[in-house]
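The structure under discussion appears below in the form of structure tokens.
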There are 2 protein chains.
Amino acid sequence: METDEKTSARTSYHHGDLRAQLLEATRQLVEEKGPDRFSVSEACRRAGVSTAAPYKHFKDKEEMLHHIALAGMERQRQQMLEELSLCSAGTLDRVVAMGRVYIRFARAEPGVFRLMFGLSEDHADHCDMVQLGDDTFTVVQSEVAKCHGRDTIIESDVNEAFLLWSFVHGLSFLLIDGKLKDAKVPFDLETTLREVAERVVGTEISGG
Amino acid sequence: METDEKTSARTSYHHGDLRAQLLEATRQLVEEKGPDRFSVSEACRRAGVSTAAPYKHFKDKEEMLHHIALAGMERQRQQMLEELSLCSAGTLDRVVAMGRVYIRFARAEPGVFRLMFGLSEDHADHCDMVQLGDDTFTVVQSEVAKCHGRDTIIESDVNEAFLLWSFVHGLSFLLIDGKLKDAKVPFDLETTLREVAERVVGTEISGG
DNA sequence: TCTTGCATGTTAGCATCTCTAACATATGTT
DNA sequence: AACATATGTTAGAGATGCTAACATGCAAGA
């Protein structure tokens, strides 16, 4: 007499798992249609509830998208940490791995990736996103420091990490925007990542 | 008996300059509220016409935004060419200048910049934007080639130009997204640009 | 067990938005 | 002057975000 299958229509008045299912529908729609074309109504349709239901769980549309963006950042971070665990400590492999995962995530989930960054600039308002972003950036800095045989991060590590981040971030956007036709830039991603990492981490760039 | 001032309410039935004024209102709103929060209605209010008026000039909202994005690309390109004209030929200064203008534009018009890139990926559908983007990218490649003393672009120039573009593009986004607190990355932009350009253009990076 | 409170659904409805249809007005051509 | 065309208007359909008021089911204590 409880709820039916999660996939089909429910039998009871209450849903049982609406919050999670709304978030999943939101994530899917952001991916399918892009963050700007997402609508709460359609997520409701997909979850099989009325259009007023979400507002028992979320303040507004923005909060729903915020959850998706934050979850995306956590997923990306987690994938980085997994990949890191496969590389031996203090090697450039680890820096390359983080870049590879960053770009892989952007290509695998361009909608969510765009949501994490490209959209409105009020991300800075949400301290949880800022915090998580900072944490991940700190990991990069730490890896850079370890490449230099240090355990504490100094300013040059921050600068190098930031150069790497900028590059990888920009490349991610150019790739998912389709600005880089394969014909136009016939590069090998892994090779490029490694060479950039070598140039940046291998050489001191004062930067201010 | 003709139209009144452009700034105030009009006296005649017809507007006289609606298309241009709608585009200007659109540009302003994209800048003020962000591309995702722009509404045609508000542009109409600002231009002092009914909400049906724009559809005599544009197919739909998307076409209006498309014009703004394209105009932004042209503006950015123009600024690059101006800055280029101040540098002597074949120098790294020219490459640095293009990057500087790229980032300056992103910071000066973050709304339009986001519209040019961050939004939906259907930019690839509009061949005029693709064409203009390619043209500008070709200029970068050409400048890189000239730094190497060549007049024709070879594959390594394409790769180097693409590395520079990725970096500058990513940095632009990180800056306008507020991901880089000044406290977090205390770098000097000009110095950084130059050092990156030196590292990239100065050194052969095969990349594929 | 009853009942009462709270969480979580529903329907109804308002305000806003995009876009179209039908109509109105100015302009320029013949 | 008559007419075609360009460009404005109002009216309204359909979608959306969100709220208010109501309904339903679960859970905990009298």
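Labels below follow one simple rule: chain letters A, B, ... track the order of the sequence lines, proteins then strands, and each chain is numbered from 1.
Residue contacts for A/Ser50: at a heavy-atom cut-off of 4.0 Å it reaches a base atom on one of the strands shown. Nucleic acid contact for A/Ser39: sugar-phosphate only, since backbone atoms but no base atoms lie under 4.0 Å from a heavy atom of the residue.
Atom CG of A/Leu65 and atom C1' of D/dC18 are 15 Å apart (whole Å). Atom CG in B/Leu22 sits roughly 12 Å away from atom P in D/dT7 (whole-Å rounding). For A/Leu18 and C/dT10, the CG to P distance is 8 Å, given to the nearest whole Å. As a whole-Å value, the separation of A/Asp36 CG from D/dT16 C1' is 15 Å. Distance, B/Phe38 CZ to C/dT18 P: 7 Å, rounded to whole Å.
Residues from residues 52-61 of chain B that place a heavy atom under 4.0 Å from any atom of DNA chain C, listed by number: B/Ala52, B/Tyr55, B/Lys56, B/Asp60, B/Lys61.
One finds the CG atom of B/Leu84 at 10.5 Å from the CD atom of B/Glu82 (value rounded to the nearest 0.5 Å). Atom CG in A/Asp36 sits 12.5 Å away from atom CZ in B/Arg37 (nearest 0.5 Å). Atoms NZ and CD, on A/Lys33 and A/Gln28 in that order, are 12.0 Å from each other to the nearest 0.5 Å.
Under the rule for a side chain to side chain contact (heavy atoms under 4.5 Å, CB included), the partners of A/Arg75 that lie at least two apart in sequence or sit in another chain are A/Arg27, A/Ala71, A/Gln79, A/Phe105, A/Glu109, A/Val112. Every side chain to side chain contact (heavy atoms under 4.5 Å, CB included) that A/Asp157 has, sequence neighbours left out, goes to A/Val144, A/Ala145, A/His148, A/Arg150, A/Ile153, A/Ile154.
We find that B/Arg100 and B/Asp93 are not joined by a salt bridge, their nearest charged nitrogen and carboxylate oxygen being 4.0 Å or further apart.
Each of C/dG9, C/dC17, D/dT16 was ranked by its minimum atom distance to the side chain of A/Arg45; first place goes to D/dT16.
Axis deviation across the helix from C/dT1-D/dA30 to C/dT30-D/dA1 amounts to 10°, comparing end segments of five pairs, rounded to 10 degrees.
Annotation: A/Phe173 is not in aromatic contact with B/Phe117 [ring centroid separation under 6.0 Å not met].
For residues 49-60 of chain B, there are no side chain to side chain donor-acceptor pair (under 3.5 Å) pairs, not counting sequence neighbours.
Sequence order on DNA chain D of the closest nucleotides to B/Arg19 and A/Ser41 puts B/Arg19 first from the 5' end.
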Enumerate donor-acceptor pairs with a distance under 3.5 Å from any side-chain N or O in residues 135-142 of chain A to protein atoms, sequence neighbours excluded.
{"residue": "A/Asp135", "atom": "OD1", "partner": "A/Gln131", "partner atom": "NE2", "Å": "3.0"}
{"residue": "A/Thr136", "atom": "OG1", "partner": "A/Arg77", "partner atom": "NH1", "Å": "3.2"}
{"residue": "A/Thr136", "atom": "OG1", "partner": "A/Leu132", "partner atom": "O", "Å": "3.2"}
{"residue": "A/Thr138", "atom": "OG1", "partner": "A/Asp134", "partner atom": "O", "Å": "2.7"}

